[in-house]
There are 2 protein chains.
Amino acid sequence: MARSEPAVDKRRVILDAAVRVFARQGFHTCRVSDIADEAGVAYGLVYHYFTSKDEILDTLFLERWDVLLHAIQEVDGQEIPVREKLFAIASFIVDSYRHDPELMKVIIVEVTRAANTFGRTHLPKIREAYDQIATIVERAQREGVLRSDVTPDFAALAFYGAVEQVLTGWIFALLPTGEREYEEAKYLIVETICGGLERKEGQRPAAGRAD
Amino acid sequence: MARSEPAVDKRRVILDAAVRVFARQGFHTCRVSDIADEAGVAYGLVYHYFTSKDEILDTLFLERWDVLLHAIQEVDGQEIPVREKLFAIASFIVDSYRHDPELMKVIIVEVTRAANTFGRTHLPKIREAYDQIATIVERAQREGVLRSDVTPDFAALAFYGAVEQVLTGWIFALLPTGEREYEEAKYLIVETICGGLERKEGQRPAAGRAD
DNA sequence: GAGCAGACTGACTGGTCAGTCAGCCACGAG
DNA sequence: CTCGTGGCTGACTGACCAGTCAGTCTGCTC
């Protein structure tokens with residue numbers, strides 16, 4: 001095979017190993033040698049591909065967050081009601097967790113919620129997601145579908161906060177996990193934020209979700 | 001004065017200094033000597049009153065969190081509608097921030113959101129707050145005031161998540177701060193979670209809050 | 001088969017800090 | 001005046017670990 005295209009991409013192997021190690025031990029608690037061991041690679045090779053331990057986490061976060069930002073952007077472009085847009089975004093994030101819980105754990109625990117370390121570094125990037133959601137809310141307000149006394153910024157924060165809180169609940173076993181729960185969560189998040197917790201006149205006591 | 005009752009409680013001085021240092025530099029980034037310097041006290045004295053750096057943060061968190069738990073418990077005991085109960089809880093937390101933003105920043109950033117370090121240690125204590133809120137929701141559901149297809153656990157997470165997200169927004173300047181904003185936030189949180197973002201039939205376009 | 005590029009190795013270094021400890025000092029008691 | 005107590009001091013130590021670097025190995029090219 002050509003030298004320039006090795007059978008295994010060691011850089012990728014290191015990144016994947018880092019996800020497992022960060023998820024298991026946490027970024028600050030693990031040593032770079034733990035990542036090298038997990039990847040089955042020499043210590044020095046980590047520094048051949050990355051300039052620092054931080055850069056590994058930065059890479060993992062940015063790779064995934066860009067996918068999220070593109071997903072939200074695409075949803076925003078569609079001609080569907082707000083509720084469906086927010087459902088699509090919640091679905092994307094929940095499915096990301098379903099597909100790779102370790103990576104999402106690392107991103108949430110070590111970046112998104114780590115306000116004093118990586119969260120601060122990546123705040124502008126994280127904020128892009130808030131802003132995109134706020135834009136969706138704002139348009140719906142102008143169309144008269146959403147109430148306009150709640151500012152778009154605030155609504156975006158509440159929506160994203162609910163999604164992240166649910167993932168955090170799964171990560172730390174505060175909420176039960178499973179296929180059914182993942183699907184249920186998408187519905188509950190949108191229903192809570194858009195519809196509100198209060199029983200409305202003429203509403204079915206237990207909506208159409210009971211199975 | 002009696003030796004056993006010094007004019008200044010050095011232990012308290014150290015705790016107060018720690019709040020300022022943790023808020024400014026973050027728990028992991030600051031050194032114990034920074035706390036001692038801020039308190040105007042010798043390095044060793046910190047270890048005379050506390051067994052470790054961790055114990056200082058533990059103390060700050062537990063002191064404040066117990067006050068919160070008692071406040072929620074008291075609210076729960078009152079004979080008022082759910083919406084007012086949740087408003088009272090949101091008010092208590094927002095006012096805590098208004099009264100001592102540095103302490104609340106430390107508690108949220110270094111404990112509550114620090115899922116891999118202190119957040120994990122104090123998870124049971126943090127969970128007590130979720131559970132108390134869930135109890136309030138559950139009772140309101142039985143009384144038929146809140147819809148019952150959203151589980152109490154989930155509703156509690158969404159409500160607390162919204163409150164914490166707003167404080168985080170203030171802490172990191174994602175949202176404007178000020179007396180007006182603090183009062184507005186209490187209303188918006190409860191309105192969003194209980195009423196929902198969607199415009200309801202016969203609802204005033206901009207409720208009674210426009211000024 | 002010589003030379004080269006670059007992937008790969010892992011022992012070592014330098015800096016950082018949490019926590020220790022030997023002892024100081026102010027003051028009250030005897 | 002001496003002694004004891006305990007709040008108080010801060011230089012020091014031991015452990016830890018990110019990042020370095022001198023060098024090896026592999027396999028391609030000429």
Side-chain angles (χ1 to χ4, degrees), chain A residues 1-61 106 110-111 114 116-118 120-121, chain B residues 1-61 106 110-111 114 116-118 120-121:
Chain A
M1 76 207 68
R3 296 296 327 293
S4 56
E5 196 189 314
V8 285
D9 179 356
K10 290 289 178 73
R11 193 184 128 93
R12 191 74 252 164
V13 168
I14 291 169
L15 283 171
D16 292 344
V19 169
R20 293 192 297 275
V21 173
F22 290 162
R24 195 193 313 136
Q25 302 173 240
F27 179 83
H28 294 287
T29 323
C30 83
R31 285 162 290 165
V32 173
S33 63
D34 294 332
I35 300 171
D37 291 350
E38 177 78 25
V41 133
Y43 186 91
L45 194 64
V46 175
Y47 286 92
H48 181 72
Y49 287 112
F50 302 95
T51 61
S52 67
K53 187 186 177 187
D54 285 16
E55 206 202 35
I56 299 173
L57 182 55
D58 287 340
T59 304
L60 289 171
F61 168 73
V106 169
E110 305 294 349
V111 186
N116 254 350
T117 53
F118 289 90
R120 169 157 276 149
T121 316
Chain B
M1 79 203 68
R3 298 293 332 291
S4 57
E5 195 188 315
V8 286
D9 179 356
K10 290 289 179 73
R11 193 184 129 93
R12 191 75 251 165
V13 169
I14 292 169
L15 283 171
D16 292 345
V19 169
R20 292 192 298 275
V21 174
F22 291 162
R24 196 193 312 136
Q25 302 174 237
F27 179 83
H28 294 288
T29 322
C30 84
R31 287 160 290 165
V32 173
S33 62
D34 294 332
I35 300 171
D37 290 351
E38 177 78 26
V41 134
Y43 186 91
L45 194 64
V46 175
Y47 286 92
H48 180 74
Y49 287 111
F50 301 95
T51 60
S52 67
K53 188 186 176 187
D54 285 16
E55 205 201 36
I56 299 173
L57 182 55
D58 287 341
T59 304
L60 290 171
F61 168 73
V106 169
E110 305 295 348
V111 186
N116 254 350
T117 53
F118 288 91
R120 169 157 275 149
T121 316

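We name chains A, B, ... by the order of the sequence lines, and we start the count at 1 in each one.
For the pair Y47(A) OH and dT13(C) P, the interatomic distance rounds to 17 Å; values are reported in whole Å. In this structure, I14(A) atom CD1 and dA7(C) atom P are separated by 12 Å, rounded to whole Å. Distance, D37(A) CG to dT9(C) P: 12 Å, rounded to whole Å. Residue F50(B) contributes atom CZ, which lies 16 Å from atom C1' of dA18(C) at whole-angstrom precision. Straight-line distance from the OH atom of Y43(A) to the P atom of dC17(D): 10 Å, rounded to whole Å. Atom CD1 in I35(B) sits roughly 13 Å away from atom C1' in dG19(C) (whole-Å rounding). Rounded to an integer number of Å, the gap from F27(B) CZ to dA18(C) P is 8 Å. dA22(D) atom P lies 17 Å from atom NE2 of H48(A), rounded to whole Å.
When distances run from any side-chain atom of L45(A) to the nucleotides dG19(C), dA18(D), dA7(C), the shortest one goes to dA7(C). When distances run from any side-chain atom of Y49(A) to the nucleotides dA7(C), dA18(D), dC8(D), the shortest one goes to dA7(C). Checking dG19(D), dA18(C), dT9(D) against the side-chain heavy atoms of A42(B) singles out dT9(D) as nearest.
The nearest pair of heavy atoms linking A39(B) to V13(B) is O-CG1, 3.6 Å.
In this structure, T51(A) reaches neither bases nor backbone, as no heavy-atom distance under 4.0 Å exists between it and the strands shown. At the heavy-atom level, S52(A) lies under 4.0 Å from the strands shown only through sugar-phosphate atoms.
A salt bridge between D16(B) and R12(B) is present, with a side-chain N of the basic residue lying under 4.0 Å from a carboxylate O of the acidic one.
The backbone N or O of V41(A) lies less than 3.5 Å from no partner atom in the side chain of K10(A), so there is not a single donor-acceptor pair.
Ranked by how close their nearest DNA chain D nucleotide is to the 5' end, G44(A) and T29(A) are led by T29(A).
Of the candidates I35(A), D37(A), V106(A), I35(A) is the only one forming a side-chain contact (heavy atoms from CB on, under 4.5 Å) with V21(A).
H28(B) and F118(B) have tilted rings, their planes meeting at an angle from 30° to 60° on a 0 to 90° scale.
An OP1 or OP2 oxygen of dG7(D) is reached within less than 4.0 angstrom by no side-chain nitrogen or oxygen of K10(B).
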